[in-house]
Amino acid sequence: MIILLRFAGLGLALVVALLFAVFVGDQGPWYFAWAVGTVMIILVAAAGAVLFDAQVEQYTPEGEF
Amino acid sequence: MDLINPAVVDLSRFQFALTALYHFMFVPLTLGLTFMLAAMETVYVVTGKQIYKDMALFWGKLFGINFALGVATGLTMEFEFGTNWSMYSRFFGDMFGTPLAIEGLMAFFMESTFVGLMFFGWDRLSKPGHLAITYLVALGSNLSALWILVANASMNMPNGAHFDPETLRMTFDSFVGVVFNPDAQAKFVHTSVAGYVAASMFVMGISAFYLLRKQHREFAARSFRMAALFGIFSTVAVITLGDVLGRLDYEHQPTKIAAIEGLWHTSKPPYEPWIVAALPNDAKQESSYEIGVPFVLTPLITHSFDTPITGMIELEEAAAPRIASGITAVSALRRYEENHQAADLELFRAHQDDMGFGLLATRHAPNQDVTAIEPEQLQNVIEQTKPDILPNVFVTFWSFRLMVFLGMFFFVLFAMASYLSLKNQLERNRLFLKLCMWSIPLPVLATEFGWITAEAGRQPWTVFDRLPTFMSASTHGVSYMLFSLAGFTVLYSIFIAVELYLMFKFARLGPEAHAPHDDHADPAHLSVVAH
Ligand code: HEM
């Protein structure tokens with residue numbers, strides 16, 4: 001039951017997000033671009049950090065970090 | 001009606017420019033650092049690596065210093081509208097007040113509450129809980145900027161409002177129209193991502209300083225990597241939105257775009273060059289020493305190859321009938337105010353789109369009263385008013401160019417920084433690291449030039465095409481204005497001095513003072529930085 005409720009909650013959140021995206025994408029395309037772009041920039045920067053860690057592990061003796 | 005003393009108008013403008021430019025030395029960092037903190041903390045929560053928490057804590061501390069001083073400098077500005085720009089507030093307060101009030105609520109309730117939780121909640125909240133708070137701080141600070149830019153955009157492109165001849169003020173029609181004003185959207189995104197650029201340069205520059213000194217290398221190399229990637233994408237976004245703003249100016253503020261491009265005469269597509277450098281002379285209405293790149297201006301501004309862009313001289317000519325029509329509108333409105341005759345109202349309505357131009361003519365009317373203009377004087381008044389429709393070309397032209405040149409420089413710098421960081425070749429390029437360090441203030445400088453472009457380019461209006469700046473100020477005395485100007489200058493200079501002192505102090509101290517476990521100081525561990 002809890003799992004079902006959780007799915008229902010997540011589903012509702014998804015619908016709200018989609019409606020938001022459709023409305024904002026229609027009325028304010030640049031606002032929408034800002035939201036998507038900001039998330040993307042954060043993810044790229046985060047991926048860069050994770051890659052850094054991977055590079056460090058590759059270059060340094062095992063188990064250093 | 002007596003006009004406000006021009007010296008008071010100039011002093012009010014100077015004071016606003018000064019306080020706004022001072023305030024905006026703090027804002028970009030707040031807008032950008034919050035999202036960078038969120039990125040660092042995201043990596044911490046996902047990977048569980050302590051160093052990312054240290055990064056969030058250390059850069060968070062620098063953000064805290066900046067945030068406190070930024071709020072202090074911003075507060076006074078909100079009051080300035082009432083104290084120094086009461087005529088403007090009366091005319092445009094309905095429109096301007098709403099976003100400003102929402103901004104106040106955002107800044108004081110949302111931002112401040114979450115900032116408190118972000119700083120003091122590390123040990124009290126779960127990891128994802130704290131991360132959510134950091135995202136909310138970032139969202140809150142950017143949303144408060146949104147409302148200021150919505151307000152500012154409505155001065156540049158008054159959407160969602162109309163002038164009411166009964167109340168003599170602009171009346172709010174549509175909240176959605178105001179918030180989704182295309183100019184508001186573009187201004188918000190351009191300014192927000194300009195903040196990301198400033199924060200990236202800040203983090204990258206201080207990290208470069210540590211790398212140069214071989215201090216906190218693990219910490220610095222990771223911070224550098226994240227900032228470089230954050231910066232390159234943000235710079236692409238700032239340039240893209242800059243293009244959007246230029247196009248909106250072309251569509252809605254022809255005098256601003258002509259001044260930005262130093263275009264005295266209507267362009268000749270497709271050859272028309274984009275002027276890289278020139279010396280515009282406002283008095284002579286011409287530019288000397290022009291250096292341009294042919295075939296660039298038309299596609300750049302109009303996104304086509306054959307559409308001409310109207311030059312300033314032609315815009316002046318085109319304004320003549322609008323000035324005449326505006327004088328009719330203002331005269332009809334004055335009569336309607338006194339007698340409430342339907343015929344006057346009808347006449348006003350027929351000419352109301354040009355009312356601003358009638359107000360602009362006030363300065364040149366006998367006794368500064370457009371109703372007193374005799375038919376034989378009309379042409380003379382129109383001729384005198386025509387040059388008033390243009391902003392200061394030298395200032396607008398150069399502030400725009402400096403912003404754009406800096407933008408191009410950031411693109412190259414962040415691209416190289418990302419490349420060198422990804423290739424692990426940072427430390428062998430000491431000159432490049434020094435360049436990164438010295439570039440820290442440049443994005444803030446670019447945002448200042450951006451604001452000068454936007455605001456100087458909007459002149460002679462406070463509300464574009466509707467309300468002239470010289471009619472917008474309060475009726476203070478010169479000595480009052482001088483006194484308050486001196487007060488602001490001293491106070492704000494102290495704020496800047498405190499910010500710089502604290503920033504230098506804590507940046508020099510570095511992350512270790514904070515988190516004792518940045519302990520892999522052995523360069524061998526960091527071969528990745530030097531390879
Ligand atoms: C490189 C290409 C760029 C272009 C084409 C560009 C274009 C513009 C234009 C046309 C305006 C005036 C908008 C108006 O009419 O009100 C403006 C304003 C502004 N710009 Fe830029 N810009 C560029 C780069 C930058 C950079 C690098 C920064 C800062 C890092 C920046 C920060 C600002 C700010 C803060 C404003 C004032 C707020 C606004 O009106 O949006 N710009 N920009």
Side-chain angles (χ1 to χ4, degrees), chain A, chain B residues 35-36 38-44 46-47 49 51-52 55 135 138-139 142 146 176 179-182 184-190 192-193 196 200 218 221-234 236-237 240-241 244 418 421-422 424 520 522 524-531:
Chain A
M1 185 65 187
I2 292 192
I3 292 180
L4 189 72
L5 279 176
R6 204 174 276 171
F7 263 105
L10 286 174
L12 193 70
L14 197 70
V15 170
V16 171
L18 276 175
L19 285 177
F20 173 79
V22 169
F23 177 75
V24 177
D26 202 25
Q27 296 289 315
W30 287 116
Y31 289 150
F32 187 63
W34 173 80
V36 176
T38 299
V39 172
M40 192 199 73
I41 292 174
I42 290 174
L43 290 179
V44 169
V50 174
L51 180 66
F52 185 95
D53 286 333
Q55 286 171 315
V56 169
E57 266 159 38
Q58 209 179 28
Y59 281 112
T60 50
E62 264 201 24
E64 267 331 313
F65 291 98
Chain B
F35 274 120
M36 283 199 75
M40 289 166 184
E41 203 179 326
T42 304
V43 184
Y44 166 60
V46 173
T47 66
K49 290 195 168 135
I51 192 158
Y52 293 102
M55 281 161 64
Y135 272 100
L139 201 65
N142 279 269
L146 165 75
V176 173
V179 176
F180 289 98
N181 180 346
Q185 294 186 43
K187 268 175 179 288
F188 165 66
V189 184
H190 191 61
S192 167
V193 292
Y196 300 179
S200 309
E218 265 196 274
R222 280 181 176 79
S223 300
F224 192 102
R225 164 77 59 92
M226 291 189 78
L229 291 172
F230 209 93
I232 184 66
F233 282 87
S234 308
V236 171
T240 309
L241 267 295
V244 175
S418 303
S421 171
L422 288 167
N424 306 316
H520 306 285
D522 174 5
H525 293 266
L526 270 172
S527 50
V528 68
V529 185
H531 271 278

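So that the names make sense, note that chain A is the first sequence line, chain B the second, and so on, each numbered from 1.
- Pairing each heavy atom of Ala39(B) with each of Ala46(A), the nearest pair is O-CB, 4.5 Å.
- In terms of modelled atom types and a separation under 3.5 Å, the side chain of Gln185(B) and the main chain of Phe32(A) share no donor-acceptor contact.
- Contacts between Tyr44(B) and chain A at a heavy-atom distance below 4.5 Å are absent for every atom of the residue.
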Quick one: do Phe230(B) and Ile42(A) satisfy side chain to side chain contact (heavy atoms under 4.5 Å, CB included)? Show the steps, please.
CA-CA 7 Å; Phe230(B) 209 93; Ile42(A) 290 174; 4.1 Å; yes
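- Enclosure of atom CG in Leu18(A) by more than 12 non-hydrogen atoms of other residues, nucleotides or ligands within 6.0 angstrom is indicated.
- Side-chain atoms of Tyr196(B) do not come within 3.5 Å of backbone N or O of Ile41(A) as any donor-acceptor pair.
- Only the side chain of Leu139(B) comes within contact range of chain A, judged by heavy atoms closer than 4.5 Å.
- The two atoms that bring Val50(A) and Tyr52(B) nearest to each other are N-OH, 4.5 Å, heavy atoms only.
- Interface remark: Ser223(B) contributes no atoms to any contact with chain A (heavy atom separation under 4.5 Å).
- Note that CH2 of Trp30(A) and NZ of Lys187(B) are 15.5 Å apart. Values are rounded to the nearest 0.5 Å.
- Using a 4.5 Å cut-off between heavy atoms, Phe35(B) contacts chain A through both its backbone and its side chain.
- Proximity to chain A (any heavy atom under 4.5 Å) is shown, for Ala138(B), by neither the backbone nor the side chain.
- With chain B as the partner, the residue from Ala45(A), Ala35(A), Gly37(A) showing the most heavy-atom pairs under 4.5 Å is Ala45(A).
- To the nearest 0.5 angstrom, Ile51(B) atom CD1 is 8.0 Å from Phe52(A) atom CZ.
- Note that CG of Leu51(A) and CE of Met226(B) are 12.0 Å apart. Values are rounded to the nearest 0.5 Å.
- Applying the 6.0 Å contact sphere to CZ of Phe233(B) captures no more than 12 heavy atoms from other residues, nucleotides or ligands.
- Looking at Val46(B), there are no atoms closer than 4.5 Å to chain A (heavy atoms on both sides), in backbone or side chain.
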